[in-house]
Amino acid sequence: MAGPRPAQDRARGRPLARFVVPVLLMAGIVVAFVVLSNRAPGLDPDLCPSDADLAGRTVALFDFRKPLDAEHRALPARLLRDVAERLPERAELRTYILSGEAAEPRVFLERLCKPGLQRAGRSARPGAAGPDPDCDGLPDGTAVERSAEMDGFCTRRDALAARLDLLAAAGRGAPVMDAFLVEALEDTRLELAAAPGTKALYVLSDMIQHADWYSHLELAPEEWDFQRFADMREAQTALFGPPPPPVAGLRGTLFYIPRRGVTDTEDAWTHHHAFWRGYFDDSVAFEEQPVMAAYAAEPLMGRLTELEVATREQERLERERAHSERLREQLERENAALAEARERAAAERRELEAEQARWEADRAEEQRRMDAERAEVERLKAELEARREGR
């Protein structure tokens with residue numbers, strides 16, 4: 001999910017990044033020689049074939065934004081091994097952890113692929129064929145050897161498991177600052193939508209979203225209605241873009257951690273599961289994990305971030321500019337209408353004046369004609385009188 005975060009929010013993710021980056025570098029150096037020496041022709045450094053030959057993609061997302069109980073800190077590494085065992089041959093596994101950045105809600109950990117068929121001559125049993133055994137699947141006394149590619153895969157898997165152990169042991173201090181789980185899932189859905197072959201998602205989390213626009217911690221369980229969530233997510237479209245569509249054929253598995261006093265009661269558990277089934281359109285399976293302790297969290301909902309304050313101020317200014325523009329256009333229309341009315345009035349006045357001038361001219365002409373006729377009558381009368389006197 002894309003969208004910038006203010007400076008103080010970005011700073012929350014930096015301690016984790018400072019811890020994770022050295023761990024990644026150290027582990028990468030340790031396994032690089034082993035992996036490269038065990039790589040077969042046609043495979044990249046992550047033991048992956050070309051995209052066209054990939055059987056599919058699996059994404060595993062681990063949520064370390066919330067603390068794990070001390071007695072369960074080995075859970076992420078154990079579940080990673082479980083995911084690796086379920087991974088199909090020639091399939092790609094990408095692993096991430098949740099970050100403290102809404103704009104970049106995931107931190108990439110590792111990419112590797114599970115080898116396919118054994119290389120010829122690697123089996124101690126003549127004529128043996130088929131896939132390599134899993135990393136932990138060789139019984140004592142077996143005559144079958146793992147291929148070099150499978151050894152490389154197992155080495156990478158174990159190194160990644162060790163990193164997860166370190167992250168789990170590091171823990172996080174209270175209160176929990178944020179958990180951009182939905183944002184991370186949206187980025188993952190976009191990633192999986194573009195992947196070839198089968199698609200699978202594994203999430204280890206208490207599945208509690210904690211962000212300023214939506215937080216399971218700040219809403220009562222009866223308010224964990226998916227449609228209400230969808231409406232609240234829709235309101236974020238201007239900042240983050242629309243939510244991605246469901247991924248066709250996606251198999252989702254939630255390694256679900258109930259939290260004591262939060263999601264372990266029957267009512268909260270039911271509402272929470274219904275929420276995530278709605279989110280994944282019923283294409284997700286829950287694998288329940290041990291109940292763990294609750295944690296304090298910083299309140300976020302209803303508190304505006306710097307970005308939101310700036311955005312709302314920009315929206316206010318845009319509304320004022322738009323209102324001013326509408327007033328200006330209205331004034332221009334009214335001025336144009338007034339000028340047109342004045343022009344019509346002036347034209348009508350000129351027409352009336354011309355009509356009056358014509359009427360006065362006609363009246364003057366009529367008067368002259370009448371005066372001329374009267375004068376003619378007087379002349380005729382005078383002439384008649386003169387004739388009578390001359391008799």
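Keep in mind it's a predicted model, so treat the numbers as computed, not measured.
Within the 4.5 Å cutoff, no side-chain heavy atoms of L61 are placed close to those of L204. Side-chain atoms of Y202 and L254, non-hydrogen and from C-beta on, never get closer than 4.5 Å to each other.
For the 3.5 Å distance criterion, the side chains of D158 and T155 fail to qualify, holding no donor opposite an acceptor. A donor atom on one side chain and an acceptor atom on the other are found under 3.5 Å apart for W213 and E183. In this model, no donor atom of one side chain and acceptor atom of the other lie less than 3.5 Å apart for Q314 and E318.
With hydrogens and angles disregarded, no donor-acceptor distance shorter than 3.5 Å links the side chain of D53 to the backbone of S50. At distances below 3.5 Å, not a single donor-acceptor pair connects side-chain atoms of D281 with backbone N or O atoms of S283. With hydrogens and angles disregarded, a donor-acceptor distance shorter than 3.5 Å links the side chain of Q289 to the backbone of E287. In this structure a side-chain-to-backbone donor-acceptor pair under 3.5 Å is present from D44 to D46. A side-chain donor-acceptor contact under 3.5 Å links K114 to the backbone of L87.
Between R86 atom CZ and L79 atom CG the span is 8.0 Å, to the nearest 0.5 Å.
Take E191 and apply the side-chain hydrogen bond (donor to acceptor under 3.5 Å, both in side chains) test, not counting sequence neighbours, and it matches R94, Y96, R106. Taking the side-chain hydrogen bond (donor to acceptor under 3.5 Å, both in side chains) definition, one finds that Y256 meets it with H272, sequence neighbours left out.
Checking each of Q356, R363, R358 against E360 for a side-chain hydrogen bond (donor to acceptor under 3.5 Å, both in side chains) leaves exactly one that passes, namely Q356.
The minimum heavy-atom distance between S215 and H210, with the atom names listed, is OG-ND1, 2.7 Å.
A salt bridge links D178 with R65; the closest basic N to acidic carboxylate O contact falls under 4.0 Å.
Note on ring orientation: taking the six-membered ring where Trp is involved, the planes of H216 and W276 are tilted (angle from 30° to 60°).
Relative to the ring axis of F153, R111 does not place its NZ or CZ within 45° and under 6.0 Å from the centre.
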